[in-house]
Amino acid sequence: MRVRRVTMREIQMSLVTRFETSFGSISERHIVLLEAEVDGTTGWGEVVAGETPFYSPETIRTAWHILRDFIWPALKGKEFGSASDVWCLLARIRGHNMAKAGLEAAVWDAEARCKGLPLWKLIGGAREEIPCGVSIGIKPTRDELAGAVQRALSAGYQRIKIKIKPGWDVEPVRRLREQFPRIRLMVDANSAYRMQDWPLLKQLEAFYLMMIEQPLGWDDLYGHAELQRKLETPICLDECIHTEEQALAAIELGACRILNIKLGRVGGYRVARRIHDLCEQRGIPVWCGGMLESGIGRAHNIGLSTLPNFSLPGDVSASRRYWDEDIIEPEVEVTPQGTIRVPTGPGIGFAPRLERIEQLTVRKEILE
Ligand code: OSB
Ligand code: MG
């Protein structure tokens, strides 16, 4: 295989509802899409970096720069056997996992299309339907939060995650537990707490949460290990895990009992699968995180979620939760049972709507 050409596009899309986390609030997304021509086939990938470096160090602009000035030169003209080799060709470039993952994913899509296979089968997926959860942002009031939870439950979603931050934690969770005593509920702090806040996190244990996601620093494995020893509730790591080695360290240290895997954060399918396999061997359940992706990134998340150890509902939700109109055909839909049926067509199994993508494009560059 050889990548002949990559079209980079930055598109702009408005979220249906403003999304607030402990690190910021967003209503307009800028997303980098990659269209890769691999031999005679086209594959699509999405760079999940945000507009700001508040979730991770990468941004859409650093990704653009690294793709154009380093990733493309490392890949251009190179012959390789499978999409799984892309990671090795990029090994000299340290970090920038989201930029790498976007292109790797596009090559996987192309390889699967070329072989006439669904991408999820090519990566070894084993599930025809995936369980879905929702991630609900910080709301102005507890009533609005309860309303959003009720709507998600009515739509069928199997588990509810709410974002927390200091000042928006114990009381909103208490309120939800009063109204919804039996739902599968969890919280995500996006690194908003310090070790000395542990008594407050301990108070959350009264509400039998499925897990607490990333309470401490984005690179603080040791702190999470110390905190996990004080808590009965499983800690789930997100921001902390960028490599297979960090996943191993987290497990060995006891820094988490559950892992959130995001393709972008770990640099693509190759590493995501290795972390998945490691967790499976160690009895650590995983689930697929989300980054407010467009349909392209979401389609990849659906594929990844078919691997056997993705046993917990992920943040993989329907197109309409994010966008009035998505950029793929058909849109992603969630069944009343809170699942997504995995598509059976080749590649990601959804068709990019090129005309709509062009309309939304604010920047474009062709690498060849
Ligand atoms: O921490 O999982 C996170 C969105 C942007 C950045 C980080 C996170 C999130 C979400 C949204 O929780 C998940 C989704 O795409 O629905
Ligand atoms: Mg998270």
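Start at 1 and go down the list; that is how both ligands and their atoms are numbered.
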Just heavy atoms, cut-off under 4.0 Å: does [X] contact ligand 1 by side chain, backbone, both, or neither?
| X | answer |
| --- | --- |
| Arg321 | neither |
| Asp188 | side chain |
| Lys161 | side chain |

>> Between Thr42 and Glu37, do the side chains contain a donor N or O and an acceptor N or O under 3.5 Å apart?
In response: no
In the protein, which heavy atom is nearest to [atom], and how far is it?
| atom | value |
| --- | --- |
| atom 6 (C) of ligand 1 | Met291 SD, 3.6 Å |
| atom 15 (O) of ligand 1 | Leu292 N, 2.9 Å |
| atom 9 (C) of ligand 1 | Gly290 O, 3.5 Å |
| atom 14 (C) of ligand 1 | Tyr322 OH, 3.4 Å |

> Does Lys262 have a heavy atom less than 4.0 Å from any atom of ligand 1?
Replying inline: yes
Salt bridge present between [X] and [Y] (N-O < 4.0 angstrom):
| X | Y | answer |
| --- | --- | --- |
| Glu213 | Lys161 | yes |
| Glu365 | Arg9 | no |
| Arg2 | Asp39 | no |

For ligand 1, is there an N or O atom under 3.5 Å from any N or O atom of [X]?
| X | result |
| --- | --- |
| Phe19 | no |
| Glu239 | no |
| Asn190 | yes |

> the Mg ion (ligand 2) is nearest to which N, O or S atom of Asp238?
Replying inline: OD2
> What atom name does the N, O or S atom of Glu213 nearest to the Mg ion (ligand 2) carry?
Replying inline: OE2
> Would you call the rings of Phe310 and His276 parallel, tilted or perpendicular, where under 30° means parallel and over 60° means perpendicular?
Replying inline: parallel
> Would Asp315 count as a contact for the Mg ion (ligand 2), in the sense that one of its N, O or S atoms lies under 2.8 Å from it?
Replying inline: no
>> At less than 2.8 Å, would any N/O/S atom of Asp188, backbone or side chain, sit next to the Mg ion (ligand 2)?
In response: yes
Identify, by atom number and element, the atoms of ligand 1 in contact range of [X], meaning under 4.0 Å from any of its heavy atoms.
| X | answer |
| --- | --- |
| Tyr55 | 7 (C) |
| Lys163 | 1 (O), 2 (O), 3 (C), 8 (C), 9 (C), 10 (C), 12 (O) |
| Asp238 | 1 (O), 2 (O), 3 (C) |

Honestly, is [X] close enough over [Y], meaning NZ or CZ under 6.0 Å from the six-membered ring centre and within 45° of the axis?
| X | Y | answer |
| --- | --- | --- |
| Arg274 | Tyr269 | no |
| Arg363 | Trp64 | yes |
| Arg159 | Trp287 | yes |
| Lys163 | Trp168 | no |

> Is Val266 reachable from Val316 through a run of hydrophobic residues whose side-chain heavy atoms are each under 4.5 Å from the next?
Replying inline: yes
> Do the side chains of Trp218 and Ile261 join up, straight or via other hydrophobic residues, at under 4.5 Å, putting them in one cluster?
Replying inline: no
